[in-house]
J.: 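My questions all concern the structure below.
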Amino acid sequence: MTPEDWIRPATMEAARAAQREIAARAETADRLEEPRLVAGVDCAGAPRGAPDRVRAMAVLLGLENRSRPVATGLAEGAPAFPYIPGFLGFREIPFVLEAVAGLPRRPDLILVDGHGVSHPRGCGIATHLGVVLDLPTIGVAKSVLVGKMEGELGEEAGSTAPLVWRGQRIATVLRSRRGVQPLLISTGHRVSQETALRLVGEWLAGYRLPEPTRLADKLAGEARRAAATLL
DNA sequence: GCGACAG
DNA sequence: ATCTTGTCGC
């Protein structure tokens, strides 16, 4: 059973302690089968001025049709944690867990919108989610939290460069397609940095974001618009 | 003390 | 995350 503090810590001190414990349990080496069922998770927030809300969307994709979801899971509610850089997991994971639980099967791998180990305490939301679910996860972030890119990044799709922090390579900067801001790919849990980069590349379909995350992002937004239309 | 700061 | 029209480019 996962400690309550790993999901809903009562104080910032408890949250910080939980992240250190989770980071200590994170596995940065490969411990996964070649993924057949891959899930993508992303969260949407409420418009400015509206009450604080979070909507989590989980999309399950299979190898047959990498662009048609096998299933989706949705969860929404009022977050107990505000958005604080470095503590994103405590805000979104309660809803992400519910969204993933709504899927008919446990995925072999989850691509998460956000960082994995490329975090101040090595516990970004991808790592956090992976340890809690004990499932392989990869962090797919759209901007840097900590660290600096080393060297130059090519303009061509597929170009990469290391993201370094405190002398350690914590993520790979990836130009997923020409003319777009690069992605930051990091180990979440049970997936090595090299495998994470390979798998993200395999699930890219011509867009900036890999399909699992791209669809989760799109569907979360459509669900938001659909809900707004009903009001 | 100052600046940085995923979604 | 969200606020938002037109505009550049394949």
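Predicted model, so just to flag it, every value in this text is computed and none were measured. Every chain is numbered from 1 and lettered A, B, ... according to where its sequence line falls, protein lines coming before strand lines.
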J.: What I want to check is whether the side chains of A:D30 and A:S192 have a donor and an acceptor closer together than 3.5 Å.
T.: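 A donor-acceptor contact under 3.5 Å links the two side chains.
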J.: If we require ring centres under 5.5 Å and near-parallel planes under 30°, does A:Y83 stack on C:dA1?
T.: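 A stacking contact does not exist, since A:Y83 is not both close and nearly parallel to the base ring of C:dA1.
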J.: Assess, by modelled atom type and distance only, whether the side chains of A:R190 and A:T187 contain a donor and an acceptor separated by less than 3.5 Å.
T.: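 No donor-acceptor contact under 3.5 Å links the two side chains.
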J.: When you get a sec, tell me which of C:dT2, B:dG7, B:dA6 is the closest nucleotide to the side chain of A:R48?
T.: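 It is C:dT2.
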J.: Looking at the side chain of A:A44, which of B:dC5, C:dT2, B:dG7 is the nearest nucleotide?
T.: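 The answer is C:dT2.
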J.: Rounding to a whole Å, what distance do you find between A:I93:CD1 and C:dA1:P?
T.: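 One finds 17 Å between P of C:dA1 and CD1 of A:I93, rounded.
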J.: Can you check the A:I84 CD1 to C:dA1 P distance for me, whole Å?
T.: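 So the CD1-P distance, A:I84 to C:dA1, works out to 18 Å.
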J.: Does A:S118 make a side-chain N or O approach to OP1 or OP2 of B:dA6 shorter than 4.0 Å?
T.: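 No, A:S118 has no side-chain N/O under 4.0 Å of OP1/OP2 on B:dA6.
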J.: Once you apply a heavy-atom cut-off of 4.0 Å, does A:V54 come out as touching a base, just sugar-phosphate, or nothing?
T.: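 A:V54: no heavy atom of the nucleic acid under 4.0 Å.
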J.: So if I apply the ring pair (Phe, Tyr, Trp, His ring centres under 6.0 Å) rule between A:F90 and each of A:Y83, A:F95, A:F81, which one comes out positive?
T.: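 So the option named by the test is A:F81.
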J.: Cation-pi check, A:R214 to A:Y207: give yes when NZ or CZ is under 6.0 Å from the six-membered ring centre and within 45° of the ring axis, no otherwise.
T.: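 Yes; both conditions hold, so A:R214 lies above the ring face of A:Y207.
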J.: Which is true for A:L184 with a 4.0 Å heavy-atom rule: it touches a base, it touches only sugar-phosphate, or it touches nothing?
T.: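 If one applies the 4.0 Å heavy-atom cut-off, A:L184 turns out to touch nothing in the nucleic acid.
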J.: Exactly one of A:L174, A:T172, A:T195, A:T213 should register a side-chain contact (heavy atoms from CB on, under 4.5 Å) with A:V200. Which one does?
T.: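 With A:V200 as partner, side-chain contact (heavy atoms from CB on, under 4.5 Å) holds for just one option, A:L174.
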J.: So does A:K142 get a side-chain nitrogen or oxygen closer than 4.0 Å to the phosphate oxygens (OP1/OP2) of C:dA1?
T.: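 Yes, A:K142 has a side-chain N/O under 4.0 Å of OP1/OP2 on C:dA1.
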J.: I want to verify a distance call: between B:dG7, B:dA6, C:dT2, whose nearest atom is closest to the A:R91 side chain?
T.: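 Ranking B:dG7, B:dA6, C:dT2 by closest atom to the A:R91 side chain puts B:dG7 first.
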J.: What's the closest nucleotide to the side chain of A:P47 if the choices are C:dT2, B:dA6, B:dG7?
T.: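 So the nucleotide nearest the side chain must be C:dT2.
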J.: How long is the line joining CZ of A:R121 and P of B:dA6, in whole Å?
T.: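 Atom-to-atom, A:R121 to B:dA6, this comes out as 13 Å.
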J.: Which part of the nucleic acid, if any, lies within contact of A:G139, taking any heavy atom under 4.0 Å across all strands shown: a base, the sugar-phosphate backbone alone, or nothing?
T.: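 Counting heavy atoms under 4.0 Å across all strands, no contact is made by A:G139.
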J.: What's A:F87 touching, base or sugar-phosphate or nothing? Going by heavy atoms closer than 4.0 Å.
T.: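 Since a base atom lies under 4.0 Å of A:F87, the category is base.
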J.: In this structure, how many angstroms lie between the P atom of C:dA1 and the CD atom of A:E92, rounded?
T.: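 Between P of C:dA1 and CD of A:E92: 9 Å.
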J.: For nucleotides 7-10 of chain C, give me every protein contact, N/O to N/O, under 3.5 Å, one pair per line with atom names.
T.:
none

J.: Take atom NE2 of A:H119 and atom C1' of B:dA6, then tell me their distance rounded to the nearest Å.
T.: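 In whole Å, B:dA6 C1' lies 8 Å from A:H119 NE2.
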